[in-house]
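Numbers here simply count residues along the sequence, with the first being 1.
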Amino acid sequence: MEPNIFPKEGVVSLEMERFPKLTDVLAEARRVATFLWEKGWAEASGGNLSLDVTDAVGGVASAGADWTPLPRAYPSLAGRSFLVTGSGRRFRDFARQPEAHGVVLSLDAAGDRWARLWGGESPGFRPTSELPSHLAMQAHLRETARAERTVLHAHPTELIALSHLPAYKDEAALDDALWGMLPEVKIFLPRGVGLVPYALTGTEMLAQRSLAALERGHAVLLWEMHGALAVGRDPAEAFDRLDVANKAAAVLLKCLAAGVVPEGLGKTRLAELTQAFGLDEKIR
Ligand code: 13P
Ligand code: ZN
């Protein structure tokens, strides 16, 4: 039997009755939050998540709701609702008490302000400081009719370490090295990892640099000297993508620590994988 990783405390929110379909969605987000903590990729309040839950929560906030303006408008997200983790909140606490450390927020008909629909039930609650990046990603996913609905940011250790090494500060070099480490990387990330040059956390600059990498077709972005961000159809897929990318980074670092610059799988084997799995490669 699977262990119960969620203690009973805090699980029952009165508001839950209003949004019965949210329970299943939350269960997966909470499970992934636990994985992130166990992986060591969510120290303190590191990392955040957004998930388009419009289908699960149905309606939008009422006109009389308490609206908070956004720094800019996201017309393609008008009327949509997102589960978002809180700023300064721990992923491990979100897993335990999502209604206290996460929120479902709805954007209004112009997409330039939001109101709380569910959650945020703790003093001083604010949505993640990376909301500009999350909303920019979510808007792009909708505008391009991509299937992904989750944006997940975390601090995967080996990926961050790799982003400090001068040899991998070039996207093509980074991707060639990661693909070469084990076949799964090419299979799960056929378009590679997008390198996002350092920008101050929580800023529109970081959002715009991330958007540029997403537009190049990447599903995982490496935020230089900070962390990584993945999109996925659900939290589990976004987590898997981070996990595969970080595994490759970990293997690479182990080889380097052993004093070997690994040759990797090489072009012929990678081409064989592309052929065998019918992989949709990058478009840049
Ligand atoms: P938040 O706590 O505001 O989500 O910030 C955490 C983080 O990882 C910033 O990049
Ligand atoms: Zn971060």
Side-chain angles (χ1 to χ4, degrees), residues 32 35-36 39-41 137 140-141 144-198 209-284:
V32 163
F35 294 163
L36 292 168
K39 281 275 191 186
W41 299 350
M137 307 287 101
H140 178 76
L141 294 173
T144 54
R146 277 173 67 156
E148 289 102 337
R149 295 284 173 269
T150 299
V151 177
L152 180 61
H153 165 57
H155 297 169
T157 314
E158 285 82 3
L159 279 171
I160 298 170
L162 211 55
S163 79
H164 285 270
L165 305 191
Y168 306 105
K169 285 182 185 279
D170 169 76
E171 192 171 277
L174 174 75
D175 286 341
D176 285 342
L178 294 178
W179 282 325
M181 290 302 98
L182 67 164
E184 267 65 20
V185 189
K186 189 73 181 171
I187 297 168
F188 279 83
L189 302 171
R191 297 176 182 192
V193 169
L195 195 53
V196 178
Y198 182 84
R209 290 183 177 175
S210 302
L211 185 60
L214 196 69
E215 283 171 348
R216 292 198 295 277
H218 301 291
V220 173
L221 315 182
L222 176 50
W223 282 359
E224 187 186 10
M225 298 183 284
H226 176 161
L229 181 148
V231 298
R233 281 168 292 187
D234 49 37
E237 186 177 61
F239 174 82
D240 282 345
R241 287 172 167 175
L242 283 184
D243 203 13
V244 169
N246 194 70
K247 176 71 171 229
V251 173
L252 178 54
L253 288 175
K254 279 188 191 294
C255 292
L256 296 175
V260 176
V261 179
E263 275 181 27
L265 291 167
K267 281 195 180 351
T268 308
R269 294 193 191 97
L270 290 173
E272 182 186 41
L273 280 169
T274 301
Q275 177 86 30
F277 288 85
L279 301 176
D280 180 11
E281 292 183 310
K282 67 183 134 185
I283 34 159
R284 64 167 183 224

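- Residue pairs that meet the ring-ring contact (aromatic ring centres under 6.0 Å, His included) test with at least one member in residues 244-263, sequence neighbours left out, do not exist here.
- Sorted by first then second residue, the ring-ring contact (aromatic ring centres under 6.0 Å, His included) pairs that include residues 241-277, not counting sequence neighbours, number zero.
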Could you walk me through whether Val151 and Leu141 pass the side chain to side chain contact (heavy atoms under 4.5 Å, CB included) test, one step at a time? CA-CA 10 Å; Val151 177; Leu141 294 173; 4.3 Å; yes

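- Closest of all the heavy-atom pairs between Leu159 and Asn246 is N-OD1, 2.9 Å.
- Between Leu162 and Ala249 the shortest heavy-atom distance is CD2-CB, 3.9 Å.
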Enumerate, atom names and distances included, each donor-acceptor pair closer than 3.5 Å involving a side-chain atom of residues 219-230, sequence neighbours excluded.
{"residue": "Trp223", "atom": "NE1", "partner": "Ser210", "partner atom": "OG", "Å": "2.9"}
{"residue": "Glu224", "atom": "OE1", "partner": "Tyr198", "partner atom": "N", "Å": "3.0"}
{"residue": "Glu224", "atom": "OE2", "partner": "Lys169", "partner atom": "NZ", "Å": "2.6"}
{"residue": "His226", "atom": "NE2", "partner": "His153", "partner atom": "NE2", "Å": "3.2"}
{"residue": "His226", "atom": "NE2", "partner": "His155", "partner atom": "NE2", "Å": "3.3"}

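- Inter-residue side-chain proximity for His218 and Asp175 is flagged as met; some heavy-atom pair is nearer than 4.5 Å.
- In terms of heavy-atom proximity, Ala167 sits nearest to Ala173 at O-CB, 3.7 Å.
- Without hydrogens or angle criteria, Glu171 side chain to Leu195 main chain gives a donor-acceptor distance under 3.5 Å.
- Between Trp41 and Ala154, the shortest heavy-atom contact is O-CB, 3.6 Å.
- Pairing each heavy atom of Gly194 with each of Ala213, the nearest pair is CA-CB, 4.3 Å.
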Show the atom names and distances, to 0.1 Å, of all donor-acceptor pairs under 3.5 Å that link a side chain in residues 252-276 to residues at least two apart or in another chain.
{"residue": "Arg269", "atom": "NH1", "partner": "Leu265", "partner atom": "O", "Å": "2.8"}
{"residue": "Thr274", "atom": "OG1", "partner": "Leu270", "partner atom": "O", "Å": "3.1"}
{"residue": "Thr274", "atom": "OG1", "partner": "Glu281", "partner atom": "OE2", "Å": "3.0"}

Could you tabulate the donor-acceptor pairs under 3.5 Å formed by side-chain atoms of residues 237-244, not counting sequence neighbours?
{"residue": "Glu237", "atom": "OE1", "partner": "Arg233", "partner atom": "N", "Å": "2.7"}
{"residue": "Glu237", "atom": "OE1", "partner": "Arg233", "partner atom": "NE", "Å": "3.2"}
{"residue": "Glu237", "atom": "OE2", "partner": "Arg233", "partner atom": "NE", "Å": "3.2"}
{"residue": "Glu237", "atom": "OE2", "partner": "Arg233", "partner atom": "NH2", "Å": "2.5"}
{"residue": "Arg241", "atom": "NH1", "partner": "Glu148", "partner atom": "OE2", "Å": "3.1"}
{"residue": "Arg241", "atom": "NH1", "partner": "Val231", "partner atom": "O", "Å": "2.8"}
{"residue": "Asp243", "atom": "OD1", "partner": "Lys39", "partner atom": "NZ", "Å": "2.9"}

